[in-house]
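Beneath this line is the structure, given in structure tokens, with notes to follow.
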2 protein chains.
Amino acid sequence: MALEHAILVSLAEKTASGYDLARRFDASIGHFWKASHQQIYKVLGRMESDKWVEAHLVEQSGRPDKKVYAITGEGRDELLRWSSTPTPIEPTRSEIAVKVRGLPFGDREAVLSDVRTRREAHVAQLAYYEASAAKHYPDPSAIGEDELGAYLVLRAGFMQEQTGIAWCDEILQAFGADER
Amino acid sequence: MALEHAILVSLAEKTASGYDLARRFDASIGHFWKASHQQIYKVLGRMESDKWVEAHLVEQSGRPDKKVYAITGEGRDELLRWSSTPTPIEPTRSEIAVKVRGLPFGDREAVLSDVRTRREAHVAQLAYYEASAAKHYPDPSAIGEDELGAYLVLRAGFMQEQTGIAWCDEILQAFGADER
DNA sequence: ATTCCCATGTAATTAGTTACATGATTCG
DNA sequence: CGAATCATGTAACTAATTACATGGGAAT
């Protein structure tokens, strides 16, 4: 129910084609809301019939034509309405936590090696967030109101990766598998 | 694809009826893998035909009969096999992050009040994990190998709630809305 | 009387994933 | 010559949610 709203936020910031949106959902927005291009095209169609967005065709030379979507007044109304409804807490689903919990019934070495891999992914993602923050917000005290939301979700990502690393370290330490 | 395995882990620890499992997925296991009773009954049926679990009927007086499920040898094999496959990283989906990102297009006060509510939920959950740790693992240095997995996922919950609280505080502080 | 606990399911719908499909251009 | 980028979709399937359905016993 919320991919629609994630798309609305993205289009409120800047008009985009389905393809553009798919790329945004691979990067910035995608850090906290993933979506495939197939899903995006499907939802965009629904949103167009709901009049939340409107498309106009842009002909291009040398590359395929594209449909550029823009948010409508009704779309903005919907964003405002949605922003003031209470947000349900998403149920957590962590397959690696199930594996850790079930360690006595599993392949210990394989799970620990999985944890090591996960730790590396967290480290890489943390570095990415760090670079992104340094590039876009070199002076955190100078962040304007309009950028604050984007900055804060970057912070969320940053903090989550740190926590992920710390958890992996606890696991590896607990099993005496933290030396490399 | 992994509810099956969460159920296998739970049944490897102790046999249970669908109803019992549903309660476990409301509590312990449910902290990192949510599932409704409808879904559990459906999956249990599939798992029975796959011979991963077997059921025997327990007649009760004064309350409805129940089907008690136990993991089979094949189920244990599957658990072991699954534990040594690489775990994909779950895509994050945080509706509140979308709202924070879209703050310039939303109802600021409503979103901040939503963040305050979310903070309280994190605090309550943290207290729950704290109490649970104090009860089950009063002496962390005395935790045995067989309990270690369960303890570590409790730690994950604990750390995640702490991070959640810290993020909420950053948001409220950034918008100068942190006084109550 | 009403609500909660025990106990098990089916049916309908929505959301999301995976696979399939096409075709031009640009870069190495 | 092959891979990547740009660009848009359909079709089939799986997973999950929501709603519906039943019924006895115990506690307030």
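If you're wondering where the values come from, they're calculated on a predicted model, not measured in any experiment. Here is the naming used below: chain letters follow the sequence lines, and residue numbers restart at 1 for every chain. Worth knowing before you read on, the calculation uses all heavy atoms, side chains too, and leaves out hydrogens, waters and symmetry mates.
- For the pair A/Glu59 CD and D/dT8 C1', the computed distance is 16 Å after rounding to whole Å.
- Regarding B/Asp26, its CG atom lies at a distance of 12 Å from the P atom of C/dC6, rounded to whole Å.
- Going from atom CG of A/Leu3 over to atom C1' of D/dA16 covers 16 Å, rounded to whole Å.
- For B/Arg23 and C/dC6, the shortest distance from a side-chain N or O to OP1 or OP2 is below 4.0 Å.
- Recorded end-axis angle for the helix from C/dA1-D/dT28 to C/dG28-D/dC1 stands at 40°, based on five pairs per end and rounded to 10 degrees.
- Between the B/Trp167 side chain and the A/Leu152 main chain, a donor and an acceptor come within less than 3.5 Å of each other.
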- prompt: Would A/Arg24 and A/Glu13 count as a salt bridge (charged side-chain N to carboxylate O under 4.0 Å, His left out) if you check the C-alpha gap in whole Å, the side-chain angles of each, and the deciding distance to 0.1 Å?
  reply: CA-CA 12 Å; A/Arg24 288 185 202 169; A/Glu13 289 172 350; 5.5 Å; no
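- Atom CD1 of residue A/Ile96 and atom CZ of residue A/Arg118 lie 4.0 Å apart, to the nearest 0.5 angstrom.
- Less than 4.0 Å separates DNA chain C from at least one heavy atom of each of the following residues of residues 35-51 of chain B: B/His37, B/Gln38, B/Tyr41.
- The main-chain N or O of B/Asp107 is found under 3.5 Å from a side-chain atom of A/Ser83 such that the two form a donor-acceptor pair.
- Annotation: A/Glu59, atom CD; neighbour count of heavy atoms from other residues, nucleotides and ligands within 6.0 Å does not exceed 12.
- With salt bridges taken as basic N to acidic carboxylate O contacts below 4.0 Å, one links B/Arg155 and A/Glu170.
- Between the A/Arg108 side chain and the A/Leu103 main chain, no donor and acceptor come within less than 3.5 Å of each other.
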Acceptor/donor pairs from residues 69-79 of chain A side chains to any protein atom, 3.5 angstrom cut, sequence neighbours excluded:
residue, atom, partner, partner atom, Å
A/Thr72, OG1, A/Lys51, O, 2.6
A/Thr72, OG1, A/Trp52, O, 3.0
A/Thr72, OG1, A/Glu74, N, 3.4
A/Thr72, OG1, A/Gly75, N, 3.0
A/Glu78, OE1, A/Arg81, NE, 2.9
A/Glu78, OE2, A/His5, NE2, 2.8
A/Glu78, OE2, A/Arg81, NH2, 2.7

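- Of the possible donor and acceptor atoms, one in the side chain of B/Glu90 sits under 3.5 Å from a partner among the backbone N and O of A/Glu95.
- Near-neighbour residues of DNA chain D inside residues 9-20 of chain A, defined by a heavy atom below 4.0 Å, number-ordered: A/Ser17, A/Gly18, A/Tyr19.
- Taking CZ of A/Phe175 as the reference point, atom CD1 of A/Ile171 lies at 8.0 Å (rounded to 0.5 Å).
- The line from CG of B/Leu3 to CD of B/Gln39 is 5.0 Å long, rounded to the nearest 0.5 Å.
- Computed from coordinates, the B/Lys67 NZ to C/dC6 C1' distance equals 16 Å when rounded to whole Å.
- To the nearest angstrom, C1' of D/dG23 lies 13 Å from CG of B/Asp65.
- Near DNA chain C, meaning a heavy atom under 4.0 Å from it, residues 84-94 of chain B has B/Arg93 in order of number.
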Output a table of donor-acceptor pairs, distance under 3.5 Å, between side-chain atoms of residues 131-138 of chain A and any protein atom two or more places apart or on a different chain; print 'none' if there are none.
none

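- If you take CZ of A/Arg24 and C1' of D/dT5, they are 17 Å apart, rounded to a whole angstrom.
- Remark: C1' of D/dT17 and CZ of B/Phe25 are 16 Å apart, rounded to the nearest angstrom.
- With 3.5 Å as the limit, one finds a donor-acceptor pair spanning the side chains of B/Ser17 and B/Asp20.
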